[in-house]
Visitor: 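Just dropping this structure here.
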Number of protein chains: 2
Amino acid sequence: MSQMQNVERQLREMILGLEIGPGEKLTERWIEGRFGASRTPVRAALLRLETEGLVGRDGRGWTVSPINLAELEQIAVYREAVEVAAVRLTCLHAERSAIDVIEAMLDSCDDNTPREEWHRVGMDFHIELARLSGNEFLFRAVRDAMTRLSRARWLEVRDEAALGRAWAEHRAILAAARLGDADEAARLLSAHIVGSRDRLVTSLANDRRGLRARGFAVVAA
Amino acid sequence: MSQMQNVERQLREMILGLEIGPGEKLTERWIEGRFGASRTPVRAALLRLETEGLVGRDGRGWTVSPINLAELEQIAVYREAVEVAAVRLTCLHAERSAIDVIEAMLDSCDDNTPREEWHRVGMDFHIELARLSGNEFLFRAVRDAMTRLSRARWLEVRDEAALGRAWAEHRAILAAARLGDADEAARLLSAHIVGSRDRLVTSLANDRRGLRARGFAVVAA
DNA sequence: GATACCATTTTGGGATACCAAACTGGTATC
DNA sequence: GATACCAGTTTGGTATCCCAAAATGGTATC
């Protein structure tokens, strides 16, 4: 593993894991020291994370991208477009076994599963479903969108009921896909994404004060 | 203008303008000498062009991405998803004047207009239409997709009739958008993209031998 | 106490030096 | 003639150095 990939991966994990808060300043020299690499791989990593939207330039200097509620809403619209297109393709040439693999992912979560794992599986559901479309561009679009949403979803306060509802919606989507019913799968997925967005934005807007108190920059819609 | 942006812009122009052929090898040192910059900005430029899909890593070393017919077909599906979503949004809050600006772009091309300009306007039509959606992510998706398609479209052999047909389709889409008829605009745009893709892939597949003779790597579907 | 100003430090952008791995071309061997 | 092998060269990855611009902090002035 090259240093560049190493720095990139570790820095991404720190940002997504909120070990570095949204809105925090980053200096290339701090990263250099933190990961024991020189500035060349550090700069390469920052350039890539910039295209992922996780860090941004703040005049001179780098900043961990703040949570931006307006952006979250726009991403949801984007997701809806690409995920619905992907699931429609999947329905056309649905591999029964491939869908079963995704269902098994959902099954792997139970009462003993740590919160972090639910979070990851919830994202992977959408990513893996998009992968089944066989279209590399739709897949990457979904994966990148989920990456951008990741921190916000992590901050969302979700009760057991909401989590259970999401899982039920996931299962309903898979059921429609298994039958090859593209219209139904599209309708369910679309509703799921819109619902998720509403809960997410509402939750963050309500908690905004508390989040800022924790040092997390949250930009209003 | 920083060196990095300079190198990036010039190198992108050379690749898109086919001054460096698809499939050609690139060395950081050649670029360094060609643009009179050191390796630091060269490296940054390559990293960004990599995310745009214009260059790729070939083991050790860099290669200008070949024209990939399978990829072109996948991009068309992706475009269809995002452009249709964008135009639907545009229809919801269509600014009459903004649509007129796009129509004026189309009008600016006549018999005396150089082929290169038709090419550029044909792409900008789609990009600007997506911008009107107001959704940054849909806009960027369309812009990036058009960038990836650019070289292939430039290589396409297009007769006057095909060009005229494309312009007529563009105008029809704008007319529907002006009326706020989202379903009609979506239907027309979708058909336009599918038609474009078919003509493009057919043309390149037919010319494949000749293109390879010119030193352009063209990967079959 | 607020503010304008200047010296110092910090920082990102760029240039260069170094290295190990990969590639190249030629040669010896069969 | 084909092939295995080796020295020399090229090249991407990394570290380090330099610089100008921007941030910082202290100080003098009002």
Side-chain angles (χ1 to χ4, degrees), chain A residues 1-16 19-66 68 212 215-217 219, chain B residues 1-16 19-66 68 212 215-217 219:
Chain A
M1 172 80 66
S2 71
Q3 282 279 44
M4 189 209 101
Q5 293 170 322
N6 215 33
V7 174
E8 182 187 338
R9 193 170 42 76
Q10 292 193 62
L11 189 55
R12 186 191 291 108
E13 271 173 25
M14 285 189 74
I15 293 173
L16 293 182
E19 296 174 54
I20 316 178
E24 264 184 57
K25 286 267 188 192
L26 284 177
T27 69
E28 297 183 355
R29 263 126 179 154
W30 178 82
I31 302 169
E32 185 183 0
R34 180 69 176 68
F35 299 109
S38 76
R39 286 181 66 207
T40 309
V42 167
R43 299 194 55 193
L46 283 169
L47 283 171
R48 308 209 116 200
L49 293 177
E50 184 187 19
T51 71
E52 291 182 38
L54 297 184
V55 303
R57 292 176 195 285
D58 173 42
R60 200 169 118 117
W62 299 92
T63 306
V64 177
S65 302
N68 184 323
R212 297 190 84 109
F216 297 158
V219 178
Chain B
M1 173 78 66
S2 71
Q3 283 276 44
M4 189 210 99
Q5 293 170 325
N6 215 33
V7 173
E8 181 187 339
R9 194 170 41 75
Q10 291 192 62
L11 189 54
R12 186 191 292 108
E13 273 174 22
M14 284 188 76
I15 293 173
L16 293 182
E19 295 173 56
I20 316 178
E24 263 185 59
K25 286 265 187 191
L26 285 176
T27 70
E28 297 184 354
R29 263 125 178 156
W30 178 83
I31 301 169
E32 185 183 0
R34 179 70 176 68
F35 299 110
S38 76
R39 287 181 66 204
T40 308
V42 167
R43 204 136 223 295
L46 283 170
L47 284 171
R48 309 209 110 200
L49 293 178
E50 185 186 19
T51 70
E52 293 183 36
L54 297 184
V55 304
R57 288 170 195 278
D58 174 42
R60 201 171 119 117
W62 300 90
T63 307
V64 177
S65 301
N68 185 324
R212 296 189 84 109
F216 296 159
V219 178

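Letters A, B, ... mirror the listed sequences (proteins, then strands); counts begin at 1. Note that these values count all heavy atoms, side chains included, but never hydrogens, waters or copies made by symmetry.
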Visitor: Among residues 49-57 of chain B, which residues get a heavy atom nearer than 4.0 Å to DNA chain D?
Guide: B:Arg57

Visitor: Nearest 0.5 Å, please: how far is CG in A:Leu11 from CZ in A:Arg48?
Guide: 13.5 Å

Visitor: Going by purine N1 to pyrimidine N3 plus the second Watson-Crick contact, or the G-U wobble pair, all under 3.5 Å, which nucleotide sits opposite D:dG12?
Guide: C:dC19

Visitor: Whole-Å distance between C:dA15 P and B:Arg43 CZ?
Guide: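 Answer to the nearest Å: 15 Å.
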
Visitor: Considering only nitrogen or oxygen atoms on both sides, find all protein atoms under 3.5 Å from nucleotides 15-21 of chain D and state each distance.
Guide:
| unit_1 | atom_1 | unit_2 | atom_2 | d |
| --- | --- | --- | --- | --- |
| D:dA15 | OP2 | A:Ser38 | N | 2.7 |
| D:dA15 | OP2 | A:Ser38 | OG | 2.6 |
| D:dA15 | O5' | A:Ser38 | OG | 3.4 |
| D:dA15 | N7 | A:Thr40 | OG1 | 2.9 |
| D:dA21 | N3 | A:Arg60 | NH2 | 3.4 |

Visitor: Cut-off 3.5 Å, no hydrogens considered: what does the side-chain donor-acceptor table look like for residues 34-46 of chain B, sequence neighbours left out?
Guide:
| unit_1 | atom_1 | unit_2 | atom_2 | d |
| --- | --- | --- | --- | --- |
| B:Arg39 | NE | B:Glu28 | OE1 | 3.2 |
| B:Arg39 | NH2 | B:Glu28 | OE1 | 2.8 |
| B:Arg43 | NE | B:Glu28 | OE2 | 3.4 |

Visitor: Quick check: does any side chain N or O of B:Gln10 sit under 3.5 Å from a backbone N or O of B:Val7, one acting as donor and the other as acceptor?
Guide: no

Visitor: Can you tell me the distance, in whole Å, between the CG atom of B:Asp58 and the C1' atom of D:dG12?
Guide: 13 Å

Visitor: Quick one: A:Arg48 CZ to D:dG13 P, roughly how many Å, whole number?
Guide: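 A:Arg48 atom CZ is separated from D:dG13 atom P by 11 Å.
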
Visitor: Calculate the interatomic distance between B:Glu28 atom CD and C:dA15 atom C1'; express it in whole Å.
Guide: 14 Å

Visitor: Would you call B:Glu8-B:Arg12 a salt bridge at under 4.0 Å N-O?
Guide: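 Salt bridge present between B:Glu8 and B:Arg12.
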
Visitor: Heavy atoms only, 4.0 Å cut-off, all strands: where does A:Leu46 land among base, sugar-phosphate and nothing?
Guide: nothing

Visitor: Would you give the length of the straight line joining atom CE of B:Met4 to atom CG of B:Leu47, rounded to the nearest 0.5 angstrom?
Guide: 9.5 Å

Visitor: Measure the shortest side-chain to side-chain distance between B:Arg57 and B:Trp62 over non-hydrogen atoms and say whether it is less than 4.5 angstrom.
Guide: yes

Visitor: Over all heavy atoms of both residues, which pair between A:Ser65 and A:Gly53 is shortest? Give the atoms and the distance, please.
Guide: OG-O, 2.8 Å

Visitor: If you define the side chain from C-beta out and look only at heavy atoms, does anything of A:Leu54 sit under 4.5 Å from A:Val64?
Guide: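 In short, these two side chains do not touch, never coming nearer than 4.5 Å.
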
